[in-house]
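The structure presented is a predicted model; accordingly, all values stated were derived computationally and were not measured.
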Amino acid sequence: MKTVHFSYSDEQILRLIQENNDESAFTMLYDRYFRMLFNYTYSKVNDQFAAQEIVQELFVSIWQHNNRNTVNSCRSYLFSAVKNLIISYYRKEYTRKFHYDRWEVQSEGSVNLTDQDILTSDLQKRYEQGLHLLPPKCKEVFILSRKGNTNKEIALQLSISEKTVEHHITKALRVLKEYLKEHFAYALILINFL
């Protein structure tokens, strides 16, 4: 661990972190800016936990050297970076709220259904929409596999190799996983609220 003198400029400290993984320089930068960045972030998001997470994310990024550019003004760089993280936070919150509100409207129309029935119905709709994203042959192979056919049976039925069947199933699972990933996150959040 290297010793960092208090007389170093912020830019020199940042350079020591980026070039030498200097922990004491990182600690000094953190001590100099955490409170200011936290107060600024808190004034924008009005949530202490979120503000702390955003500032921590910034410092993790600095430690991991996600910015290799030369920084002329460390203070401007830090506040600009935290501002971008705040914008990203609001985008995520908007998306989360949009999906939650949409789900809430759908569930109001289904008063007699249980919460689990609503989530299951919504997941089924999303799954069917996801199937339409697949190329026709990939979709056909995937549906046959879900009906209990083995890869060998599918290959014989469609006159393709078992390797091609595996490829189609893998591709379908990847596409559906990506398409449904967001749904699962919101479903878990909603289940915790219920």
Side-chain angles (χ1 to χ4, degrees), residues 41 44-45 47 49-69 80-194:
T41 304
K44 301 298 182 194
V45 299
D47 179 331
F49 180 75
Q52 186 170 357
E53 287 292 311
I54 290 168
V55 176
Q56 293 291 3
E57 185 178 340
L58 171 63
F59 279 103
V60 167
S61 174
I62 290 169
W63 182 250
Q64 293 175 340
H65 313 302
N66 290 344
N67 177 20
R68 291 284 185 183
N69 300 335
S80 177
V82 87
K83 179 181 168 188
N84 289 333
L85 290 171
I86 291 167
I87 291 168
S88 177
Y89 165 80
Y90 274 114
R91 281 188 184 130
K92 289 175 190 170
E93 282 299 299
Y94 173 80
T95 302
R96 183 195 61 74
K97 183 174 178 357
F98 171 79
H99 287 287
Y100 178 79
D101 290 346
R102 197 172 99 199
W103 180 85
E104 203 170 52
V105 166
Q106 287 176 347
S107 66
E108 286 173 5
S110 308
V111 178
N112 295 332
L113 296 176
T114 66
D115 294 330
Q116 188 170 357
D117 290 338
I118 294 168
L119 286 173
T120 303
S121 172
D122 189 39
L123 178 59
Q124 182 65 35
K125 286 178 194 168
R126 295 276 300 174
Y127 171 75
E128 289 168 10
Q129 291 169 349
L131 286 176
H132 292 295
L133 296 174
L134 301 174
K137 186 61 104 178
C138 184
K139 179 180 173 182
E140 183 180 11
V141 168
F142 184 73
I143 290 172
L144 286 171
S145 74
R146 299 305 106 178
K147 290 181 178 178
N149 293 301
T150 65
N151 289 359
K152 189 173 188 173
E153 291 169 342
I154 298 169
L156 289 171
Q157 186 177 344
L158 300 178
S159 301
I160 56 176
S161 73
E162 283 186 60
K163 210 59 161 157
T164 303
V165 171
E166 290 174 14
H167 171 73
H168 283 308
I169 292 171
T170 301
K171 180 178 182 175
L173 289 172
R174 186 177 63 245
V175 168
L176 289 170
K177 179 181 175 187
E178 186 64 32
Y179 186 73
L180 296 173
K181 176 174 62 174
E182 191 175 283
H183 176 79
F184 284 125
Y186 293 119
L188 289 174
I189 290 169
L190 293 173
I191 287 169
N192 289 328
F193 282 124
L194 302 175

Locate the shortest heavy-atom distance separating Pro135 from Lys171; write the atom from each residue and the value. CG-NZ, 3.7 Å

Sub-4.5 Å side-chain heavy-atom contact between Leu158 and Thr164: no

So, the side chain of Thr95 versus the backbone of Arg91: is there a donor-acceptor pair under 3.5 Å, distance only? yes

Taking all atoms of both residues into account, what is the closest heavy-atom pair of Leu144 and Asn149, and its distance? O-ND2, 3.0 Å

State the NZ-CD1 distance between Lys83 and Ile86, to the nearest 0.5 angstrom. 9.5 Å

Restricting to non-hydrogen atoms, name the atom on Asp47 and the atom on Tyr89 that form the minimum distance, rounded to 0.1 Å. OD2-OH, 4.3 Å

Could you give the distance from CD1 (Ile154) to NE2 (His168), rounded to the nearest 0.5 Å? 10.5 Å

Using the test salt bridge (charged side-chain N to carboxylate O under 4.0 Å, His left out), find all partners of Glu53 that sit at least two apart in sequence or belong to another chain. none

Take Thr41 and Leu85, measure what side chain to side chain contact (heavy atoms under 4.5 Å, CB included) needs, and give me the verdict at the end. CA-CA 9 Å; Thr41 304; Leu85 290 171; over 6 Å; no

At what distance, to the nearest 0.5 angstrom, does CD of Glu153 lie from CD of Glu162? 10.0 Å

Which of these passes side chain to side chain contact (heavy atoms under 4.5 Å, CB included) with Ser145: Ile169, Leu173, Thr150? Ile169

Which heavy atom in Val45 sits nearest to a heavy atom in Ala50, and how many Å separate them? CG2-CB, 4.3 Å

Of the non-hydrogen atoms in Leu58 and Val82, which two are nearest, and what is the gap between them? CD2-CB, 4.1 Å

